[in-house]
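Here is the structure we will look at.
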Amino acid sequence: MKLHQIDGPGQEFLPSGLTTASAQLAPIQFENPQGASEATAKSEKTIKVAPVEEPSQPVHHVRVNNSFLATHERNVLLWLAARTPSAATPDQLTLLGLVGAFLVMTGFAASRASPWFVSLAILGLFLNWLGDSLDGTLARYRKIERPDFGYFLDHSCDLISQTFIFVGLGLSPYFTLLSALLALSMYLLMSSFTYLKVLILKTHHLSYYGMGATELRLLLTAWAVFALWCGPGLIDARFMGMRRIDITVFALWSLVFMAFMWKVWSDTRRFRPILDK
């Protein structure tokens, strides 16, 4: 995938319908009337048009996916891309992923009224995976990538989608909002670190310690099925007045946060010689 970086201002509009279509326009001179003195002719007024700064060259970055299911998932996505109807576009798939995330939130929240709505959340997780994973693969397969807009749209929708999913999980009777927000905070933390590495190191890591977005969706699906089997009483168990699920999730969050700090420290030591240059 490629990114464009544009330095400086964009196009500006000039009076009388003139635009900066060319890199630099010659000065426009206003001639004096006939019979004007030579001294007056030397003081001709000129209007200079500032040149347009052209966008810099595209900045390449490498996609790295070392998740447990990366190889199998890549093969499935290529198979799907080859069989996707021509009428379907990558942007439509991105929107499908966003709709899927909204269905996850709706299904989890509605499961307070009926546990059968969990099936809607599971369907939403599948649609979110399909749209979010296939959009980029389809664009690359058809060779219609848009490095700037595609990257911006895809990852903006990712952030919105994960917020829908985790908030919905917290609104369900099978999880707590505190635990869901802790999990969401870790996802956003890792996402911020990923985007920093794209900007500085030109490397886009799609997974950490074998875990990527697909593995996360599978874990949420497994939890939904397990919670549905156990019932809402799953989160009522307490230890010293606190819900055990909150204690467990906080302990896991702490371990992941320590792993995150180790990753930041190790990457800083590893890449400092490169970045200092």
Here the gap from Ile165 atom CD1 to Leu216 atom CG, rounded to the nearest 0.5 Å, amounts to 7.5 Å
Does Glu215 use its side chain to pair, donor to acceptor, with the backbone of Leu69 at less than 3.5 Å?
-> yes
Under 6.0 Å from the CZ atom of Phe102, do we count more than 12 heavy atoms belonging to anything else shown?
-> no
Linking I/L/V/M/F/W/Y whenever their side-chain heavy atoms sit closer than 4.5 Å, directly or via other members, would Trp129 and Val118 fall into one cluster?
-> no
Would you say Thr94's side chain and Pro90's backbone share a donor-acceptor pair under 3.5 angstrom?
-> yes
Do Phe226 and Phe175 belong to the same hydrophobic cluster, where Ile, Leu, Val, Met, Phe, Trp and Tyr are linked whenever their side-chain heavy atoms lie under 4.5 Å apart, directly or via other members?
-> yes
Out of curiosity, Met190 CE to Tyr195 OH, how far, rounded to the nearest 0.5 Å?
-> 11.5 Å
Given the rule that I, L, V, M, F, W and Y join up when any side-chain heavy atoms are under 4.5 Å apart, are Val104 and Val167 in one cluster?
-> no
How many angstroms lie between atom CD of Gln92 and atom CG of Leu138, to the nearest 0.5 angstrom?
-> 10.0 Å
Validation row: His155, Asp158 side chains within 4.5 angstrom (heavy atoms) | yes
What are the two closest heavy atoms between Pro173 and Ser111, and how far apart are they?
-> CD-OG, 3.1 Å
Roughly how far, to the nearest 0.5 Å, is OG1 of Thr214 from CG of Leu77?
-> 7.5 Å
So, for Trp116 and Ser119, which heavy atoms are closest and what is the spacing to 0.1 Å?
-> O-OG, 2.5 Å
Treat each ILVMFWY residue as a node, draw an edge where side-chain heavy atoms are under 4.5 Å apart, and state whether Phe250 and Val256 are in one component.
-> yes
In this structure, CG of Leu189 is separated from OH of Tyr187 (nearest 0.5 Å) by 12.5 Å
Is any side-chain heavy atom of Tyr174 closer than 4.5 Å to a side-chain heavy atom of Leu228?
-> yes
Leu182 and Leu219: same hydrophobic cluster, using ILVMFWY side-chain contacts below 4.5 Å?
-> no
Any Asp154 side-chain heavy atom under 4.5 Å of Asp132 side chain = yes
What's the shortest heavy-atom distance between Tyr141 and Ala82, and which atoms?
-> OH-CB, 3.5 Å
Taking all heavy atoms of Arg142 and all of Thr84, pick out the closest pair and write down the distance.
-> NH2-O, 3.5 Å
Close side-chain approach of Thr194 and Lys197, heavy atoms under 4.5 Å = no
Is any side-chain heavy atom of Leu127 less than 4.5 Å from a side-chain heavy atom of Val99?
-> no
Heavy-atom side-chain proximity of Leu178 to Arg243 below 4.5 angstrom | no
Shortest non-hydrogen contact from Ala101 toward Asn128 | CB-ND2, 3.8 Å
Note, Phe68 side chain near Met211 side chain (heavy atom, < 4.5 Å) | yes
Within the distance-only criterion (no hydrogens, no angle test), does the side chain of Thr176 pair as donor or acceptor with the backbone N or O of Ser179 below 3.5 angstrom?
-> yes
To the nearest 0.5 angstrom, please state how far the CZ atom of Phe193 sits from the NZ atom of Lys263.
-> 6.5 Å
Partner residues of Arg83 under the side chain to side chain donor-acceptor pair (under 3.5 Å) criterion, sequence neighbours left out | none
Tell me, do Asp135 and Leu153 make a side-chain contact under 4.5 Å, heavy atoms counted?
-> no
Work out which heavy atom in Met186 is nearest to a heavy atom in Trp253; give both atom names and the distance.
-> CE-NE1, 3.6 Å
Count the heavy atoms belonging to other residues, nucleotides or ligands that lie under 6.0 Å from CZ of Arg270, then report whether that count exceeds 12.
-> no
Regarding Ser67 and Asn65, is there a side-chain donor-to-acceptor distance under 3.5 Å anywhere?
-> yes
